[in-house]
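We count ligands from 1, going down the list as the structure has it; atoms in each ligand are counted the same way.
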Amino acid sequence: MKRYIMAAIAALALSSAAYADTIKVGVIGPFSGPFALQGKNFKAGIDAYIAVNGNKVGDHEVEVIYRDVPQPDPAQSKALAQELVIKEGVQYLAGFYFTPDAMAATPLLKQANVPMVIMNAATSAIVTKSPYVVRTSFTTWQTSTPIAQVARDKGIGKVISVVSDYGPGVDAENAFKAAFETAGGSVVEAIRIPLATNDFSPIMQRIKDSGAEAVFAFLPSGPTTLGFVKAYNENGLKEAGVQFLAPGDLTQESDLPALGEAATGILTTFHYAVSHDSPENKAFVEAASKAIGNPAELSFPSVGAYDGMHVIYKMIEATGGEQDAEKAVEAVKGLSWQSPRGPVTIDPESRHLTQNIYLREVAKGDDGKYYNKEIQTFENQGDPGLTAGK
Ligand code: PHB
């Protein structure tokens, strides 16, 4: 069966080159279930890009086909990626909110002659699984390293870390610890919790008991992060003087109304804030707000998706619509542009973005709404996760 699928993929990759005047892009993400808002942001970013740039590259019409993987499920992701390639004849695979879903589809890329543009999944190692992977999001190494320096600058010496026990969580734990201990701090305890955890009260007790001055946390954005920050607020950690430090996944804009006043003052580092002050972001937020319907639902996966479409359009342009994954990927190595998040470049070695990472503080605006206020910029950050320990 497996051999049959591989042969079918290879045959299709050869045959489809000649008649591709509609170019199909297959997007895998969570479009239903608890993480549906994250998938909705993928779609809003893609729709916004098409609204601004049109649905044609040269003579080629771009068609986006969506497939739903509601929660991390590598087997389902792989099966749907195969179906998109074999039955739908997609020339590009994109999306991938969760790391395990992206990882599972990478072995198909070479035989299928299909590039993969990752719009969210943030474990450093994914780009090493295939030369046909390009990423337009961030890595948790990239976003968790600067917050360690921020913590030291604030005079924090002892931290407890809490992460979801899978790729991006383990990366975040390692990134924070490496940077924090190099700067003279100490991680007194490192807790890994199952992805499915939804009762965070026992963890909050452990954080209190640890004697740490701050907690560093990473969980994948969605109901998980909302629950975790709520538990931090409701279990009196702030009153006990335990500072909260995290990458921006923990304070995504769409969660801020539900977190309310208790979240103000939380410090995070991240590649994108909806409030980012630039003409590119103003235009993006306008288009993405229209696409999503309710602007309060906008969050970071929309920008990964918007930039992902930019990369796919460049690939289609470079290949003249022919199916040639190697040529497509070569064409975007070193590509620079003004993203809504700021200036970005695809590093030719890693095929991952070099970008600014911003320190932000949750604040209340004059309009009474909460937002991530950018207060410091760490410019041109590569991915430390790819060089760590080498
Ligand atoms: C991932 O699974 O790589 C992932 C998901 C959600 C995030 C960050 C990383 O917020």
Exercise. Nearest to atom 10 (O) of ligand 1, what protein heavy atom do you find, and at what distance?
Worked result: D249 OD2, 2.6 Å
Seminar exercise, completed: A student checking ligand 1 against A122 at a 4.0 Å heavy-atom cut-off should list atoms 1 (C), 3 (O), 9 (C)
Exercise. Side chains of T354 and N380: donor-acceptor distance under 3.5 Å anywhere?
Worked result: no
Exercise. If we only count N/O pairs under 3.5 Å, is S221 in contact with ligand 1?
Worked result: yes
Exercise. Is the shortest side-chain N to carboxylate O distance from K333 to E330 below 4.0 Å?
Worked result: yes
Exercise. So which bit of F300 gets within less than 4.0 Å of ligand 1, heavy atoms only: side chain, backbone, both or neither?
Worked result: side chain
For this session: Assign the ring pair Y166 / F98 to parallel, tilted or perpendicular, where the plane angle (0 to 90°) is split at 30° and 60°.
Result: tilted
For this session: Measure Y166 to ligand 1 on non-hydrogen atoms and call it side chain, backbone, both or neither using the 4.0 Å cut-off.
Result: side chain
Exercise. In terms of the angle between their ring planes, are F228 and F200 parallel, tilted or perpendicular, with boundaries placed at 30° and 60°?
Worked result: perpendicular
For this session: Please determine, by modelled atom types, if S32 and D68 share a side-chain donor-acceptor pair under 3.5 angstrom.
Result: yes
Problem set entry | Contact atoms of ligand 1, heavy-atom distance to F98 under 4.0 Å | 1 (C), 2 (O)
Seminar exercise, completed: Counting heavy atoms under 4.0 Å, the part of F96 that contacts ligand 1 is neither
For this session: Look at the rings of Y272 and F284 and say which category their plane angle falls in: under 30° parallel, 30 to 60° tilted, over 60° perpendicular.
Result: perpendicular
For this session: Heavy-atom contacts with F218 under 4.0 Å: which atoms of ligand 1 show up? List them by number with element.
Result: 8 (C), 9 (C)
Exercise. Does the ring centre of Y49 sit less than 6.0 Å away from the ring centre of Y313?
Worked result: yes
Exercise. Between Y92 and K24, is there a cation-pi geometry (under 6.0 Å to ring centre, at most 45° from the normal)?
Worked result: no
Exercise. What atoms in ligand 1 come closer than 4.0 Å to a heavy atom of A121?
Worked result: 3 (O)
Exercise. Y358 vs H276 aromatic rings, parallel, tilted or perpendicular, using cut-offs 30° and 60°?
Worked result: tilted
Exercise. Atoms of ligand 1 less than 4.0 Å from T99 heavy atoms?
Worked result: 1 (C), 2 (O), 3 (O)
Problem set entry | T140, portion touching ligand 1 at heavy-atom distance under 4.0 Å | neither
Seminar exercise, completed: Note: ligand 1 atoms sitting under 4.0 Å from heavy atoms of P220 are 5 (C), 6 (C), 7 (C), 10 (O)
Exercise. How does P168 reach ligand 1, if at all, at less than 4.0 Å between non-hydrogen atoms: by side chain, backbone, both, or neither?
Worked result: side chain
